[in-house]
Amino acid sequence: MITKTMHENDNVILLENGGTKIFLDKKSLSVRVETENVSWETVSGAASFAVGYEHAERVWISFHQAENKQFSPIDSGFLQGVRIHLGPFSSNGKIIGVQADVTVLLNTHSGELVFEVHGISGGTENEVSEVIWPGSFAFSGDRETDYTVVPAMQGYLIPANWQKPFRRYHKGMMFDRDAYMPWWGQVKEGNGYLAIIDTPNDARLSVEHLPLVHTHAEVVWIHSLERFDYTRKLRVRFAKDLNYVGMAKMYRQYVRSLGKLRTLAEKQLVNPKLSELMGSAVVHTSVHTRIAPESYYFDKEHPEKNDFAVSFEERALQLAALQQKYTGKLYVHIDGWGRNGYDNLHPDVLPPSPKGGGWEGMRKLQEVCRDQHILLALHDNYRDFYHDADSYNPELTIKHRNGDQEFCDYWAGGAHSWLCTTLSKGYLERNHDKLNENGIYPDGVYIDVFAVVPGDECYDPRHRMTRTECMAYRASCFEEIRSRGMIISSEEPTDWAVPYLDLVHHAPYALYPGPGEGPAIGIPTPLFSLVYHDAIVVPWSLDRGAWGIPEADLGLLHGLLNAGVPYLPIQPSDNEIPIVKTMARLHQLIGSLEMTNHEFMDGSWRKQRTTFADGTIVEVDLDGDRYTIQMADGELISEADVHL
């Protein structure tokens, strides 16, 4: 029987569970965890909150500065710990009237440590914008075998002795490129912990690596529409011999326990058309491009390049020729099919591009794709609201706290703001009903950016919206597409969207200064694939240093290692066809299977091995441009030297 006790004196509260001890310092509020093998302690003063919404005016105050601290025991059938009421606070001789309630809890059944933020209050003059609880664990050292695990994009490791540049793209916002998945972990002396952000929608993952000084990783809780009105929760699991693979598998089981691990096999039961996608090569092409004068992409010196089209019919002929040359499964993604072309007039993109051939041309493209057994998917967008769209109205846009709306003119269509997501599904239903009325029935739809940017918040009282509500509205758009029998895709596979998506544009590695190009941040590691390989289809570019591929690496090697589907140009070279067929065949065989293991081989970060549920093993040498595939039936596929 596991003994469980709680002790308290003037300085410390002690929780015990078997061989694990948790010490809460009542003065500093730091937490020390002692297991049989290693000790972890939060950084003193890290637990804190920020007063002020504007970054330039923000003031951080440590929780230990509370004038009063009240500790109340909590003891249930499986949770034991303490609730801490804090406040008011003293900062620079000034009293800050914030009150905070946080907890430290030990699950005496599982050994999991739980940290909660229950409430933050304080009045309009003490507006709390962010909260850090419990803060990062102190982590430093010079051993390569000690490392931090970061699920940014596909994922990477930061060895404790890593001396290269490190950066975050969007301040660690959850469900962005800084954190596809809401977890992180650290390993030292062969022991590790996994931290799972149980309430991730209003959170960010803050990681700071200072070479040979420290690597700090912590969750930062963010206000939602100026409020902290629901409990924020972090779960931390400690284990001996825990590595990054074990962490990914722990998280996978956690997702399964929530009922959110929706595999490709399960998705195919809902939409049998998804089986046609397995083992396909993905062709990304466009019909019409029109670039507004204010766009970043506008070419002043070559005006003819700012408005051009390749007709639907010509694309159809190219695809038919490609099918004859390739003779395998194809999934075609069409950009620029709308009235003014790619990234223009959203969400009012109909009718199809006149320069591309209008309705008749689009129907011809569909006819050829059906005759050639090619899956046809359309690019779409229900977030960017272009100012020259037919229905543009600033009253329909997302508003910030000060009432302003977002503005961007970077993309091809020029000036646009964000359409409030409360309205997105209505536009989607209207557009796809009109497509159907005109004889267009796509096999798939790509809804741009919905699964690569965090949830939006809208302060407009006419359509007020939290991040959580925003993601629910986006999910309803995905489900609307699925209900029409189509394959649904978006840009990148952020965790919340995986149950709703069949396919993404890519899920590559984080680069510096990136995210599109440059050397890798840390050690590229397929954390996402270890969790979700059998839940979503991920295409990979073949080229060296392609978007999201470390500049020295061949994309096809990462694609094979992750058993994804290949991208194929609409007019490929003869050298590309064989490797595309190899990658497509691999995906056909194991694309719906779990990636069960990943290893760095021969003491090198550059030689890697993945294993899949049927026993298939893929090995790649990123420096030697070589790969070997050992199929489950014993077949060996090897390429000593890859040439593209």
Side-chain angles (χ1 to χ4, degrees), residues 147 149 151 154-157 241-253 261 263-265 278-281 328 493 506-509 520 523-542 549-550 552-567 578-644:
Y147 56 82
V149 186
Q154 183 65 227
Y156 57 80
L157 310 181
D241 300 325
L242 179 63
N243 64 8
Y244 64 92
V245 175
M247 293 175 192
K249 295 308 176 184
M250 278 187 180
Y251 181 72
R252 177 182 168 90
Q253 180 55 40
L261 186 61
T263 66
L264 288 166
M278 307 302 290
S280 290
H506 53 196
Y509 293 97
I523 307 298
T525 309
L527 303 177
F528 181 84
S529 292
L530 282 165
V531 176
Y532 283 125
H533 179 263
D534 58 344
I536 195 163
V537 177
V538 176
W540 291 81
S541 298
L542 306 181
I549 303 297
D553 298 358
L554 279 173
L556 73 91
L557 295 178
H558 287 292
L560 290 169
L561 189 74
N562 286 273
V565 294
Y567 272 112
I579 186 60
V580 166
K581 284 192 171 183
T582 296
M583 194 183 301
R585 178 177 173 233
L586 180 65
H587 187 268
Q588 179 72 56
L589 293 172
I590 66 171
S592 60
L593 300 181
E594 179 184 354
M595 179 189 287
T596 56
N597 197 25
H598 172 267
E599 304 164 77
F600 294 102
M601 303 165 54
D602 303 330
S604 169
W605 298 119
R606 305 290 291 162
K607 294 181 180 180
Q608 301 181 31
R609 175 192 293 132
T610 50
T611 306
F612 296 86
D614 68 343
T616 296
I617 297 173
V618 181
E619 295 182 359
V620 301
D621 180 348
L622 296 169
D623 287 332
D625 291 345
R626 297 180 177 89
Y627 69 87
T628 301
I629 303 171
Q630 181 75 55
M631 305 300 293
D633 62 2
E635 179 186 1
L636 182 66
I637 303 172
S638 179
E639 183 61 55
D641 193 4
V642 180
H643 297 283
L644 284 176

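For the pair Y147/T525, no side-chain contact is recorded, criterion being any heavy-atom separation below 4.5 Å from C-beta on. In this structure, P566 and L542 have side chains that are in contact, with non-hydrogen atoms separated by less than 4.5 Å. Counting only heavy atoms from C-beta outward, the side chains of Q154 and P526 approach each other to under 4.5 Å. Between L622 and H558, the closest side-chain pair of non-hydrogen atoms falls below 4.5 Å. Side chains of L530 and Y251 form no contact here, defined as non-hydrogen atoms less than 4.5 Å apart.
Of the possible polar contacts, one joining the T596 side chain to the T611 backbone as a donor-acceptor pair under 3.5 Å is found. Checking side-chain atoms of D633 against main-chain N and O of E635 turns up a donor-acceptor pair under 3.5 Å.
The environment of NZ in K581 is crowded: more than 12 heavy-atom neighbours from other residues, nucleotides or ligands sit within 6.0 Å.
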For a side-chain contact (heavy atoms from CB on, under 4.5 Å) check, start with the C-alpha distance between L560 and I579, then their side-chain angles and the critical distance, and finish with the verdict.
CA-CA 10 Å; L560 290 169; I579 186 60; 4.2 Å; yes
Given L157 and F600, is the side-chain contact (heavy atoms from CB on, under 4.5 Å) satisfied, shown in steps?
CA-CA 12 Å; L157 310 181; F600 294 102; 4.0 Å; yes
Evaluate M250 against L242 for side-chain contact (heavy atoms from CB on, under 4.5 Å), listing each step before the verdict.
CA-CA 10 Å; M250 278 187 180; L242 179 63; 3.9 Å; yes
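Distance check, rounded to the nearest 0.5 Å: NE2 of H587 to CG of N562 gives 10.5 Å. We find the CG-CZ distance between L589 and F612 to be 11.5 Å, quoted to the nearest 0.5 Å. Atom CG of L586 and atom CD1 of I590 lie 4.0 Å apart (nearest 0.5 Å). In this structure, NZ in K607 is found 10.0 Å from CD in E619, a value given to the nearest 0.5 Å. With values rounded to the nearest 0.5 angstrom, W605 atom CH2 is found 14.0 Å from D623 atom CG. The CE atom of M278 lies 7.0 Å from the CD atom of Q588; values are rounded to the nearest 0.5 Å.
Taking the six-membered ring for Trp and the full ring otherwise, Y567 and H506 have centroids separated by 6.0 Å or more.
Counting all heavy atoms, side chain and backbone alike, E594 lies closest to D534 at N-CB, 3.7 Å. Taking each heavy atom of A507 and W540 in turn, the nearest pair found is O-CH2, 3.8 Å. The two atoms that bring V149 and M247 nearest to each other are CG2-SD, 3.7 Å, heavy atoms only. Contact detail for V620 and L557: the closest heavy-atom pair is CG1-O, 3.5 Å. A pairwise comparison of heavy atoms in L527 and Y244 identifies CD2-CD1, 4.0 Å as the closest pair.
Classified by interplanar angle (parallel below 30°, tilted 30° to 60°, perpendicular above 60°), the ring pair Y532/F528 is tilted.
Between the side chains of D614 and T616, a donor-acceptor pair is found at a separation under 3.5 Å.
For R606 and D553, the salt-bridge test passes: some basic side-chain N is under 4.0 Å from an acidic carboxylate O.
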